[in-house]
Structures are given as structure tokens and as C-alpha cells.
Amino acid sequence: MSAAVEQAAGGYNFAYLDEQTKRMIRRAILKAVAIPGYQVPFASREMPLPFGWGTGGIQVTASIIGPADTLKVIDQGADDTTNAVSIRQFFAKTAGVATTDRTSDATIVQTRHRIPETPLREDQIIVYQVPIPEPLRWLEPREAETRRMHALADYGPMYVRLYEDIAHFGRVTTAYDYPVMVNGRYLMRPSPIPKFDNPKMDMNPALQLFGAGREKRIYAVPPYTPVKSLDFTDHPFTVERWDKSCAICGADDSFLDEVITDDRGNRIFVCSDTDHCRSRSAAKAAE
Amino acid sequence: MSELSLSDVSASQHEPPLLRVTGLSKSFGAVVACRNVSFALWPGEVLGVVGESGSGKTTLLNCVAARLQPDAGRIEFQLRDGRVAELFEMSEPARRMLMRTDWGVVHQNPRDGLRLGVSAGANVGERLMAVGARHYGEIRGAASDWLRKVEIEVARIDDPPSTFSGGMQQRLQIARNLVSRPRLVLMDEPTGGLDVSVQARLLDLLRGLCDELRLAAIVVTHDLGVARLLAHRLMVMRGGEIVESGLTDQVLDDPQHPYSQLLVSSILQ
């Protein structure tokens, strides 16, 4: 590690955080992995970017990254958005690690709002940036009470919310940050990923880590852990579908963004996962 | 007061009691709210607790509802499988489960007992969902049934209780509690703040439901009229102690203790 430490630019420690802090965060991560879905408190540090921009994810990444790792950072599925670019540059600068846009080349994927369309592998870790880790927060404002509810697996009120949605709108209207049950025990917020991505969390071969910097919580879903989206037996969980396919690569099975192309109401749908779209287009061109 | 006299007046003395409270005491600092309160309650029986404000009625109810930890005393409840469990010796998950299946609590102010932000149907269905009901249609069916039973139009199932009148909110609270078919319901001034005609309807409904479901209930009230209509047996409390108890008509028509006499004579005729 010392060679890598030397490499790090600007007099910073490898990956910005000091070793003591990284140990503290690793301990929290180990506990989180041991109790899937349980929110482990940790002493979140000030990072050189504002809370809400991914401070939790960055701290988790900084604690697990090594000189041999290859990092990919995505924001809303794209590699070229401000948040993704600056976090990628941050680690390129402070850790000197290789970065990539390609999901299959990465060993660590830090993400905000999406899970890559390319299936993850056992040798990969995905780090989610979490704004609000507590799934019961909008139902119960008291932290002491939500912890008690988790301890007793008292998740009835969450179903009250789903019931309300179905009663008023005929379906569950939560489209992102859709609550999941991890390993049949803990209710978990999957961070604001679209519910389209929820099924990807279930029995995923990759380790999934969640960091909430402002709320000072870390939680995890270990590889091959069942993750079930909440639903009623007569209103099963479904993901969104589009009647269009991607205007660039033609994919009809990926999460599509609607893009307005002019001021006359024209619009196209394109893949939200830019790497997925690019690799499909390249494969098509090669044919 | 001895417990013997209580079992004497009970119609079903051969059956074990549903709830037995022995030597319950609770004080807040130097203020004694309940002192050595003992009573028993049999299935299907409605017990009224009357007394002036500050006599410890609500504290007693809160202790029995496990919302307050008493300083001394035992609260024993007969579970559905016949075992007798002490409330504060149970594990918290078991107690929570008991609270939302076998027990109901009707608050004086419906705002304390309802979720005002969600629809009437969700309010009624909450207990079912909390104990594991995961079929939307069945939950909704049960909610409509119970709204009908408490005389709320089923068409209002998706309206939030904040748009309901006071009497409807109180009835909704009752439906919300009874949906899990509890065996014991604790009511704190169930008719408080309602006008007399609404009170009368509510009392009528409660009486019908208690009979039909063979509910045991403890009704705390300062209104002797309510006590006479609802309660089979009556306990008069003063300064945290039970000063008199017996059959409702007996206590109200022939009060023995000077305080009971005062209480009864202070009703406007």
C-alpha cells in the first residue's frame, strides 16, 4: 500500500481519508455485511463536497478501494454527468486508481440512482449513494421509534402506505426508492434507484454497499442475498415498461430516459445506462 | 374493597378471569395516581371506572394498556390458548402482538387513535397488515365490513378521517380496534366531546358490539349516564384508590361510600 500512498497526489493520504477513518468505516461495513439490510451508524466525515452529493458513497469507496482497483462512477446511469465526472476525478487524483466507463471492466462501481444494465459479477462491488437510509422515515419521524420498529420487524405501517396508493390510484405509485425486504428480515431503502432496478438486487453475485454521509449510516446486501420488493399478493410488484425502444441502440429491455429534442413536442427515448447503450451500438456497428 | 365481593357479583365466577389486576400502584414523584388497585374482569363483561378528574382513572387504564409501567402490582391476562401471562413479564414483541390482536384501545380524542393522514380503509386495515395480512382485496373487504358495522358509509372508505365528523371519527376508531377481533377493549371517555344525540348512537353501537362479540371492556368515564348504560359493573375511584365497587345499578342507586353518594347526588336531574 505504501507505494500507492506515495503516488497519491497533493499530499493527501491514499484515497483522501486517513487510515484510521478507513478502518472505522471498514468495521461498519463488516457489521453491515454480517446483518444484511441493517443500518450501521458510523462517524461520517466532512468530505470536500456537500452532503447530498455522494459523501456517503465516496467514504465507502475510499475505504474499500485499493491501488489495483478499477473504478466506474455513474450518476443516473450516465458516466458523463457532473457528479460522476467529479467523483471519478477525485479518486483518480487522490488514489491514482484506474477509472473506466465500462461496467465489465470495473471492480468497484459507485452509483447514484441506477444499477448498471450489464449484470454484475462476484468480483465486483457496487457502492450506492444514499440520501435517506431510513425506509420508515416518512411514516415515523422519531429515530428511536424507527429503530424499535426495525428491531421488532414491525413493518405494518409500510404496508399502510402501499394500501393507500392502491386505494387511491389502483397501483403502488412509488416509482423509485421502492422499499425492499432484505433476507426476509430488514426493511431497506434501496436508495433512489428506479423500481425497474429492484429485481437486479435480488440474489446479485456482487457485494452491494450503501453509504449515507449526512445521515451517517452504512448498510449492505451481501452477494446472493434475497431482496424482495414489498407488495400485496393480489397486487404483485411490477417494473415499469415502455412501448418505445431506445432511439440510439434500439434496446427494448433497458431503463429509458425521455429526452425532449425541440420545442415542438418532439421527444425520443434513450437508454439511461450510457455504457450499455454505447456497447450495444458498437456491437451493432461491428456486425 | 375485597376481591371476594367482586367475584361474588360476577355472573361467570366459575370461568377464570380474562384479566386480573392485583395490587397495582403508580405514582408520579410524590403524586400517587393509583394505590393498590385490584380487580378482575371476565369475558364479555363491561367494567366502568368512574371518578372525578385526577382520581387516577386514566393512569389505571394506561397501566393496564401497558403504556405506563406500574411501580408495583401484576396485570395478568388470559391468552387465547388459555395460558395466563403477566403483561410486563412478556417480551416486547409478544406484548406488541397481544396489543394489536387481542386488545383494543379507544382514545378519548380520536386524533390520538387514528392515522389522520391516511384513508379510513387504511386505518381499519392497519392492524391486519401489522399482523401479516398481505392480500389487498381481503384487507379492503374487512375494512368495508367494519365500516358498515359502525354505521359509516362504505363510499367513504377512501376519505381521510380528518374529513369525518367527531362521532364518525370515534366510530372509525372503534372499527379500527375491533377488526382484529380483540377480546378486551380499553376505552377512555369514549363519548367525550360528542353531543348528546351522537353519544346516544355511539353508546347504542358499543352495547350492541359488546354483546355480539362477547367483548370484555374497561370503560373509563366521568359521565355516570354512560356508565349506567354501558357497564355491568362499576368501580368508583378517588385519590388513586377504589372506594366502592359492585353492580352498576347497585352502586348508582344505593351508593355506600360517602364519596359515591356525593358523586351520584351531583348528577343534574
Side-chain angles (χ1 to χ4, degrees), chain A residues 35 38 134-174 178-188 195 198 202 226-238, chain B residues 66-67 90-101 103-104 112-144 146-147 152-163 172-173 175-177 179-180:
Chain A
I35 317 172
Y38 174 74
E134 178 51 71
L136 302 164
R137 179 57 65 235
W138 307 130
L139 305 165
E140 173 54 64
R142 291 167 295 176
E143 176 68 14
E145 183 60 21
T146 53
R147 287 203 203 184
R148 183 173 292 247
M149 289 164 81
H150 281 296
L152 301 175
D154 184 4
Y155 296 136
M158 200 48 150
Y159 282 91
V160 172
R161 202 183 97 186
L162 303 186
Y163 172 95
E164 276 296 277
D165 272 357
I166 297 175
H168 290 292
F169 309 111
R171 66 198 166 84
V172 177
T173 53
T174 306
Y178 193 103
V180 292
M181 195 63 119
V182 180
N183 205 22
R185 174 61 182 85
Y186 280 101
L187 188 66
M188 187 186 90
K195 66 174 179 179
N198 272 19
D202 185 36
V227 175
K228 189 181 175 306
S229 307
L230 296 193
D231 59 2
F232 287 107
T233 45
D234 50 343
H235 282 80
F237 174 81
T238 52
Chain B
R67 280 186 294 178
M90 293 170 82
S91 67
E92 185 162 356
R95 190 161 65 227
R96 278 204 176 197
M97 191 58 156
L98 183 71
M99 289 294 153
R100 63 175 55 130
T101 51
W103 293 47
D112 297 336
L114 293 173
R115 277 182 194 273
L116 291 182
V118 303
S119 68
N123 265 288
V124 179
E126 183 178 350
R127 276 184 165 222
L128 299 176
M129 291 183 254
V131 297
R134 296 288 179 262
H135 190 282
Y136 174 81
E138 285 167 10
I139 295 166
R140 200 170 169 79
S144 332
W146 274 99
L147 289 182
I152 294 174
E153 282 171 63
V154 176
R156 302 208 58 181
I157 188 168
D158 291 332
D159 294 347
S162 48
T163 65
L172 181 62
Q173 217 196 144
R176 172 184 159 88
N177 275 293
V179 68
S180 64

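First the proteins, then the strands, lettered A, B, ... as listed; each starts at 1.
- B:Ser119 and A:Tyr163 make their closest contact through OG-CE2, 3.9 Å (heavy atoms, listed as atom of the first residue, atom of the second, distance).
- Residue-environment remark: CD (B:Glu153) stays at or below the threshold of 12 foreign heavy atoms within 6.0 Å.
- Only the side chain of A:Leu152 comes within contact range of chain B, with heavy atoms under 4.5 Å apart.
- B:Ile157 touches chain A through its side chain: at least one heavy atom from C-beta onward sits under 4.5 Å away, while N, CA, C and O do not.
- The candidate from B:Arg140, B:Glu126, B:Arg127, B:Arg115 with the greatest count of non-hydrogen atom pairs under 4.5 Å with chain A is B:Arg140.
- A pairwise comparison of heavy atoms in A:Phe232 and B:Ile139 identifies CE2-CD1, 3.7 Å as the closest pair.
- Listed for the A:Asp234 side chain is a donor-acceptor partner under 3.5 Å among the backbone atoms of B:Tyr136.
- Residue contact with chain B, scored on non-hydrogen atoms closer than 4.5 Å, involves the side chain of A:Arg148 exclusively.
- Looking at every heavy atom in both residues, A:Asp154 comes nearest to B:Arg100 through OD2-NH2, 3.2 Å.
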